[in-house]
Structure formats: C-alpha cells, structure tokens
Amino acid sequence: MIKGEISKLESYSVSNIIQKGGTILRSARSKDFTTKEGRKIAYDQLQSLGIEGLVAIGGDGTFTGANIFFEEYGIPTIGAPGTIDNDLYGTDYTIGYDTAVNTALDAIDKIRDTADSHDRVFFIEVMGRDSGYIAIPCAIGGGAEIVMIPETDTSIDYVVDTLRTGWSRSKTSFIVIIAEGGEEGSATEVAAKVQTALPHMDARVTILGHVQRGGSPTAADRMLASQLGIACVEGLLTGRKNEMAGIINGELVYTPFIDTITKDKPINPEFINMVNILSS
Ligand code: F6P
C-alpha cells in the first residue's frame, strides 16, 4: 500500500498457487506502516484507487497495524491468521502452522536416525519466538525425551538429570526439542551447558530455522486457508470490520482484533505432561 504496488486480482490470479509455499503477495513486516506518515501514504493510495476494505494476513503485529489504521482512517479490515507460530487468540490453528510442524517433524525423524545409529544426544531448535506451539507436537510426534518451551521453566538441571537417568538405564540416544524463545537460551547454549555436565555424552545441535517457513502446504493448511480466505471476503461484504476470521472447534468465528492482540492462547498443559509421560 505504501509503495503503491497494488494490482487487481482476478480468479485466475490465484490459479495454480494452492500447492506453493511462500506468498505471491511478497508482503512482509513494514517499518513504514508503524509511522503516521507511512499510514497516510497508504491511505492516500487506497483513496486514489477507491479501495474501501482490506484483508490483512498475519499475526498480532499485522492486526495491531490494521486496528490503528481503522482508528485513523476508518478503513474496515478483516484478518486472516497467518503465522506458523499458532500463538494467536481467536482460532484453534493459524495458517501455516500445520505445514511448519510437519516439516519440522520430517527433519526430526531423519535426525533420530543419526542419533540412534551413533548414540548421540541431539538438541533441536524449532521456531516459535514466544511460544511452544511448534515444539510440543514436534516433541510428542518425534518421540523426544525433553521439550523446552517459553511457557514453562525446564531447568538445565532437569535436562541433565533426565539424560543421566536415561543413560543409566542403557538408553544411548536422546532428542531434546527447544523452542527458540526458551528460558535457558538457544539450543546451542543449552547443549553447551549440558555437555559440560555430561562430558561422556556425544551432543549435537541442529537449528531447523527457516526451513519451517517454506514448502508445499499440508492438506489441513490448504483447507484452513481456503475456508478463512472466503470468510474474510464474505465478512467484508456483510459489513464486518476489525475482526479476525478463525476456526474454533470446527466453527467459523470472527474475533475482534483487540482480543487477538491482547488475549493469550495458552498451550494445553496436558500436552506438556504428555511429553514427560511418553518419555519416562
Ligand atoms: O513469527 C513467526 C516466526 O516464524 C517466528 O517463529 C520466528 O522467530 C520469526 O518468525 C522469524 O522471522 P524473521 O526471519 O522474519 O525474523
């Protein structure tokens, strides 16, 4: 909007893209949109083209921007939850999350082959700046012994004790999943501390990084994106504004931006407990 890179989309504009990763819009976080001057330019561009409503795809940063834009210029916006982190109130799942988890899980399965074959401890870092939503299913589905996420305190002592106990029971390979925003630091930092305490163990670190943000979407993500894309357009056409479309318990729900920005969607503590039960 700020650069004036606006083009008319027809139905054929989106043909043959459902199976692709990334975005054809090539949009990303905008520093300029956080400024009054930037938003004024955006508004002028929309005015000159007669654009009366917006669909914003993103997370809480995107919806914060959309909310401010409405307060300043009255442009109604409906949001689609698009973030691999899934830490957004107002929807059970965000678009891209399922694909990211499956991509990470595929990599973890492959890493386990090495861990198993050569008696190693792998510290695998997955994305999730402020949340363990990606880490938890990776830990459960990947058969990890330990998961470290921002929402809970898992101390280095606990990691060392768990690995030591496993080792004493003749277990020789381990997977520790670490969400990037974890309390005890990055996977590299955690591995270094654990290696100091357990020098006989052969520790390795893998940071999955941006591989989790690409690739062909899973069936679940294609369904969700299609459902919510329609809901965004229909929402605007029926006069809704400043709400995010989401799916909760299978039902389409519109949640005010302010709630998506200010409310938390906590991880089910039962899932965290499951990692401990399954690895003990
Ligand atoms: O917010 C989604 C997310 O994937 C985070 O999990 C991660 O920390 C971040 O984006 C990385 O994004 P960037 O490469 O744009 O800094």
Side-chain angles (χ1 to χ4, degrees), residues 83-88 92-94 96-117 119-195 197-198 201-209 211-212 218 220 264-280:
T83 162
I84 63 164
D85 291 349
N86 198 36
D87 54 348
L88 207 52
D92 288 342
Y93 299 107
T94 52
Y97 170 66
D98 188 63
T99 304
V101 168
N102 279 287
T103 302
L105 209 45
D106 184 50
I108 292 164
D109 285 348
K110 290 176 177 142
I111 291 168
R112 186 173 277 288
D113 291 345
T114 298
D116 240 16
S117 305
D119 298 340
R120 287 177 177 170
V121 187
F122 268 87
F123 295 85
I124 304 174
E125 187 174 299
V126 297
M127 275 188 169
R129 227 177 342 183
D130 307 309
S131 104
Y133 270 105
I134 296 180
I136 290 287
C138 284
I140 295 171
E145 280 68 31
I146 300 167
V147 65
M148 302 175 82
I149 59 173
E151 292 87 340
T152 59
D153 293 336
T154 307
S155 66
I156 296 294
D157 285 347
Y158 173 82
V159 177
V160 169
D161 282 351
T162 308
L163 297 181
R164 193 180 277 132
T165 307
W167 190 267
S168 69
R169 290 188 193 146
S170 307
K171 191 168 167 52
T172 52
S173 73
F174 302 86
I175 302 267
V176 181
I177 302 290
I178 299 161
E180 62 179 343
E183 281 274 304
E184 294 288 352
S186 66
T188 310
E189 289 163 327
V190 172
K193 291 177 203 165
V194 173
Q195 183 76 87
L198 301 169
M201 283 197 168
D202 195 5
R204 291 288 187 278
V205 176
T206 303
I207 297 167
L208 294 181
V211 74
Q212 293 158 99
T218 59
D264 281 341
K265 185 173 78 175
I267 288 188
N268 183 346
E270 196 45 43
F271 291 156
I272 301 167
N273 196 27
M274 275 170 70
V275 180
N276 303 332
I277 294 171
L278 293 172
S279 63
S280 59

Looking at [X] and [Y], what are the two nearest heavy atoms and their distance?
{"X": "Ile178", "Y": "Ala187", "answer": "CD1-CA, 3.6 Å"}
{"X": "Leu105", "Y": "Cys138", "answer": "CD1-O, 3.7 Å"}
{"X": "Phe174", "Y": "Gly166", "answer": "CZ-C, 3.8 Å"}
{"X": "Thr94", "Y": "Asn86", "answer": "N-OD1, 2.9 Å"}
{"X": "Ala191", "Y": "Val205", "answer": "CB-CG2, 3.4 Å"}
{"X": "Val147", "Y": "Ala139", "answer": "CB-CB, 3.7 Å"}

When rounded to the nearest 0.5 angstrom, what is the spacing between [atom1] in [X] and [atom2] in [Y]?
{"X": "Lys171", "Y": "Thr165", "atom1": "NZ", "atom2": "OG1", "value": "12.0 Å"}
{"X": "Glu183", "Y": "Glu151", "atom1": "CD", "atom2": "CD", "value": "10.5 Å"}
{"X": "Ile124", "Y": "Arg204", "atom1": "CD1", "atom2": "CZ", "value": "13.0 Å"}
{"X": "Met148", "Y": "Glu184", "atom1": "CE", "atom2": "CD", "value": "5.0 Å"}
{"X": "Thr83", "Y": "Leu88", "atom1": "OG1", "atom2": "CG", "value": "7.0 Å"}
{"X": "Tyr158", "Y": "Thr152", "atom1": "OH", "atom2": "OG1", "value": "10.0 Å"}

Practice item. Quick one: do Val160 and Leu198 satisfy side-chain contact (heavy atoms from CB on, under 4.5 Å)? Show the steps, please. Key: CA-CA 7 Å; Val160 169; Leu198 301 169; 4.0 Å; yes
Exercise for review: Could you tell me whether Arg164 and Asp161 make a salt bridge, using a distance below 4.0 angstrom between a side-chain N and a carboxylate O?
Suggested key: yes
Got [X] and [Y] here, is their nearest side-chain heavy-atom distance under 4.5 Å?
{"X": "Ile136", "Y": "Ile272", "result": "yes"}
{"X": "Val194", "Y": "Phe123", "result": "yes"}
{"X": "Phe122", "Y": "Ile108", "result": "no"}

Has [X] got a side-chain atom pairing as donor or acceptor with [Y]'s backbone, closer than 3.5 angstrom?
{"X": "Arg112", "Y": "Gly142", "answer": "yes"}
{"X": "Asp264", "Y": "Pro266", "answer": "no"}
{"X": "Glu145", "Y": "Thr162", "answer": "no"}

According to side chain to side chain contact (heavy atoms under 4.5 Å, CB included), who are the partners of [X], at least two apart in sequence or on a separate chain?
{"X": "Pro150", "value": "Ala179"}
{"X": "Lys110", "value": "Asp106"}
{"X": "Ala107", "value": "Leu208"}

**Study point:** Pairs involving residues 121-140, ordered by first then second residue, that meet side chain to side chain donor-acceptor pair (under 3.5 Å) (sequence neighbours left out)
**Key:** none
Check your understanding: Taking only residues two or more places apart in sequence, or in another chain, which ones meet Ser173 in a side chain to side chain donor-acceptor pair (under 3.5 Å)?
Key -> Asp116
Exercise for review: Would you please name every residue forming a side chain to side chain donor-acceptor pair (under 3.5 Å) with Asp119, sequence neighbours left out?
Suggested key: Thr172
Check your understanding: Would Asp85 and Ile134 count as a side-chain contact (heavy atoms from CB on, under 4.5 Å) if you check the C-alpha gap in whole Å, the side-chain angles of each, and the deciding distance to 0.1 Å?
Key -> CA-CA 7 Å; Asp85 291 349; Ile134 296 180; 4.3 Å; yes
Check your understanding: Where do Val126 and Glu180 land on the side-chain contact (heavy atoms from CB on, under 4.5 Å) test, with the steps shown first?
Key -> CA-CA 6 Å; Val126 297; Glu180 62 179 343; over 6 Å; no
**Study point:** Within 6.0 Å of OH in Tyr93, more than 12 heavy atoms from elsewhere
**Key:** no
Exercise for review: Could you walk me through whether Leu163 and Ile146 pass side-chain contact (heavy atoms from CB on, under 4.5 Å), step by step?
Suggested key: CA-CA 9 Å; Leu163 297 181; Ile146 300 167; 4.1 Å; yes
Check your understanding: Cut-off 3.5 Å, side chains only: do Thr218 and Asn102 have a donor facing an acceptor?
Key -> no
